[in-house]
Structures are given as structure tokens and as C-alpha cells.
Amino acid sequence: MRKIYIAGPDVFEQDSRDIGKRYVNLCKEYGYEGLYPLDNIVDFNQEKNKIAKDIYIANKNLIDTCDIVIANLNSFRGKESDSGTVWECGYATAKGKKVYGYLDRKTSYQEQFSSEEKMSSKDGYIDLHGRIIEDFDYPVNLMIACSVEKIISGNFEDVLKFLEN
């Protein structure tokens with residue numbers, strides 16, 4: 001059975017274990033084994049740095065054993081995807097895994113900025129700090145958009161449906 005690593009900031013939600021169970025069950029319905037980061041067994045009775053390292057190693061090992069990564073690329077604590085999720089996507093891509101992302105929006109990255117958050121410049125738009133806002137008509141940074149197999153507008157199950165075709 002092919003394995004799917006479930007990446008995303010969902011692990012930070014208060015009901016994250018329930019979310020993980022739901023995603024793992026969806027994977028099973030579509031004929032996959034779902035690997036959710038919070039299913040790892042980590043000893044939380046140690047110093048924080050050791051816990052963090054153990055989580056990192058456990059998640060990296062799950063990615064090593066998977067065939068596919070499905071990543072929640074929705075904005076997290078700002079306009080960008082979760083940095084941990086982005087690292088997981090990059091690592092999986094480097095390991096030759098197929099990576100698929102999903103977003104609950106259809107807008108480009110630049111369109112996330114309101115008119116109050118951007119200004120016109122000779123090269124397009126800049127943010128309020130004077131930094132160029134990239135404009136490649138992708139919904140996320142080009143390094144993510146160009147490295148994943150596909151970004152689906154929808155949710156986790158929509159990616160599973162896409163994989164079915």
C-alpha cells in the first residue's frame with residue numbers, strides 16, 4: 001500500500017489529533033496509508049531541545065518511508081505557508097517523492113496583499129518595507145509552486161480525488 005505523509009500546520013490546531021485521524025481515515029478510503037506527524041511516539045519528559053530534535057527525526061523518517069506528500073500550503077501566521085511544511089516539501093522533493101499541495105484560495109500570491117499593504121513601483125509592486133512582491137501568477141512562492149507536482153484549489157480530500165484520476 002502506498003504511503004502518504006500528511007504535512008501542514010494542522011498539527012498546531014487544538015483539535016490536531018482529530019484532524020490527523022480524519023486525514024488518515026480518508027487516506028484509507030482512497031487506498032493509501034496515511035502518515036500523520038502526531039502519530040509519532042515522542043518522549044515529552046525531556047528537555048525541550050531534545051523533544052524538538054526527536055520530533056524532527058521522527059517526521060523526517062516518516063517522509064523517508066512515504067511515497068507521496070500532501071501538504072496544506074494555506075497561509076499560516078502571515079501570508080506564507082508554514083515554514084516547517086515548506087521544509088518538508090523541499091526535503092521530500094529532494095528525496096524524489098511526489099509532493100502535492102492544496103490551498104483554500106485561488107488567488108495569486110500578489111493578490112493576497114491589499115491595496116493598503118502594497119505600492120506600485122517600476123518593477124510591479126512592493127510591500128510596505130520596500131521589498132518586491134513576486135508576480136509569477138502562482139498562489140505561493142515560486143520555489144514551492146515549481147517544485148510540487150500540483151497545487152489543488154480545495155482541501156486534503158480534493159488532492160486524494162485528484163490522485164485517483
Side-chain angles (χ1 to χ4, degrees), residues 4-24 26-27 30 32 34-38 48-49 52-53 55-56 59-60 62-63 66-165:
I4 293 177
Y5 179 79
I6 303 163
D10 305 288
V11 297
F12 299 110
E13 298 295 338
Q14 291 189 25
D15 62 343
S16 57
R17 292 204 184 275
D18 292 334
I19 291 170
K21 286 178 189 167
R22 202 165 50 246
Y23 289 168
V24 167
L26 279 170
C27 287
Y30 285 84
Y32 297 95
L35 307 175
Y36 192 63
L38 293 184
K48 288 182 181 182
N49 289 347
K53 186 72 169 186
I55 292 170
Y56 162 78
N59 291 351
K60 189 171 93 39
L62 284 180
I63 294 169
C66 80
D67 302 291
I68 298 168
V69 170
I70 297 179
N72 176 348
L73 297 176
N74 286 297
S75 299
F76 181 70
R77 298 182 181 152
K79 296 195 184 306
E80 295 277 347
S81 305
D82 170 55
S83 58
T85 302
V86 170
W87 183 90
E88 291 170 329
C89 290
Y91 179 75
T93 298
K95 298 290 280 186
K97 312 293 180 171
K98 299 285 187 190
V99 179
Y100 298 86
Y102 64 92
L103 290 165
D104 59 13
R105 62 179 170 77
K106 295 180 180 184
T107 58
S108 72
Y109 178 70
Q110 189 177 92
E111 291 171 319
Q112 289 188 85
F113 291 80
S114 69
S115 58
E116 292 83 27
E117 296 174 305
K118 64 184 177 185
M119 300 174 281
S120 251
S121 79
K122 63 180 173 70
D123 297 318
Y125 286 100
I126 57 174
D127 65 18
L128 299 180
H129 299 285
R131 298 181 192 115
I132 296 169
I133 302 170
E134 70 176 64
D135 182 19
F136 296 105
D137 290 328
Y138 288 125
V140 293
N141 177 280
L142 72 94
M143 296 301 286
I144 302 164
C146 291
S147 65
V148 300
E149 299 292 318
K150 180 113 175 118
I151 298 175
I152 306 293
S153 179
N155 59 34
F156 184 82
E157 186 172 12
D158 291 325
V159 179
L160 291 169
K161 289 176 185 174
F162 174 82
L163 292 175
E164 230 180 12
N165 296 327

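Only a predicted model underlies this, so the values are computations on that prediction, with no experimental measurement involved.
- Between Tyr36 and Tyr23, the ring-plane angle classifies as perpendicular under the 30° and 60° cut-offs.
- Of the possible donor and acceptor atoms, one in the side chain of Thr93 sits under 3.5 Å from a partner among the backbone N and O of Cys89.
- A distance of 6.5 Å separates CG of Asp15 from CZ of Arg22, quoted to the nearest 0.5 Å.
- Two residues are said to be in side-chain contact when any heavy atoms from C-beta on lie closer than 4.5 Å; Ser83 and Phe76 fail this criterion.
- Side-chain contact between Glu111 and Arg105 is absent, with no heavy-atom pair separated by less than 4.5 Å.
- Closest approach of Ile133 and Gln110 over heavy atoms only: O-NE2, 3.5 Å.
- For the pair Phe156/Asp10, no side-chain contact is recorded, criterion being any heavy-atom separation below 4.5 Å from C-beta on.
- Across every non-hydrogen atom of Asn141 and Met143, the tightest pair is OD1-N, 2.8 Å.
- Contact check for Ile63 versus Glu88: side-chain heavy atoms found under the 4.5 Å cut-off.
- In this view, Ser114 and Glu116, Glu117 satisfy the side chain to side chain contact (heavy atoms under 4.5 Å, CB included) rule, not counting sequence neighbours.
- Asp104 places no side-chain N or O within donor-acceptor distance of the main-chain N or O of Ser153, the cut-off being under 3.5 Å.
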Checklist entry - Would Leu73 and Ile144 count as a side chain to side chain contact (heavy atoms under 4.5 Å, CB included) if you check the C-alpha gap in whole Å, the side-chain angles of each, and the deciding distance to 0.1 Å? => result CA-CA 9 Å; Leu73 297 176; Ile144 302 164; 3.9 Å; yes
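- A distance of 4.5 Å separates OG in Ser16 from CG in Leu38, rounded to the nearest 0.5 Å.
- Residues meeting the salt bridge (charged side-chain N to carboxylate O under 4.0 Å, His left out) test with Glu134, sequence neighbours left out: none.
- Between the OG atom of Ser81 and the CG atom of Leu103 there is a distance of 6.5 Å, given to the nearest 0.5 Å.
- Closest non-hydrogen pair, Gly34 versus Ile6, comes out as CA-CD1, 4.2 Å.
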Residues 157-165 side chain polar contacts: donor-acceptor under 3.5 Å, at least two apart:
residue, atom, partner, partner atom, Å
Glu157, OE2, Tyr30, OH, 2.7
Asp158, OD2, Asn155, N, 2.9

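- Taking CG of Leu142 as the start and CG of Asp137 as the end, the distance is 12.0 Å to the nearest 0.5 Å.
- More than 12 heavy atoms of other shown residues, nucleotides or ligands fall within 6.0 angstrom of atom NZ in Lys79.
- To the nearest 0.5 Å, atom CD of residue Gln14 and atom CG of residue Asp18 are 11.5 Å apart.
- Two residues are said to be in side-chain contact when any heavy atoms from C-beta on lie closer than 4.5 Å; Asn72 and Thr85 fail this criterion.
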Exercise for review: Take Met119 and Tyr125 through the side chain to side chain contact (heavy atoms under 4.5 Å, CB included) test and state the conclusion after the steps.
Suggested key: CA-CA 5 Å; Met119 300 174 281; Tyr125 286 100; 5.9 Å; no
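- Looking at residues two or more places apart in sequence or on another chain, you find a salt bridge (charged side-chain N to carboxylate O under 4.0 Å, His left out) between Lys98 and Glu149.
- With values rounded to the nearest 0.5 angstrom, Ser108 atom OG is found 14.0 Å from Lys106 atom NZ.
- The heavy-atom pair separating Gly154 from Tyr102 by the smallest distance is O-CD1, 3.6 Å.
- The nearest pair of heavy atoms linking Ile151 to Ala145 is CD1-CA, 4.0 Å.
- Contact detail for Tyr5 and Pro37: the closest heavy-atom pair is OH-CG, 3.2 Å.
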**Residues Lys118, Ile126; criterion side chain to side chain contact (heavy atoms under 4.5 Å, CB included); working and verdict** = CA-CA 6 Å; Lys118 64 184 177 185; Ile126 57 174; over 6 Å; no
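- When the side chain to side chain contact (heavy atoms under 4.5 Å, CB included) test is applied to Lys95, the partners found at least two apart in sequence or on another chain are Asp64, Tyr91, Lys97.
- With 3.5 Å as the limit, one finds no donor-acceptor pair spanning the side chains of Ser75 and Glu80.
- For the side chain to side chain contact (heavy atoms under 4.5 Å, CB included) test, residues two or more places apart in sequence or in another chain that qualify with Asn49 are Glu47.
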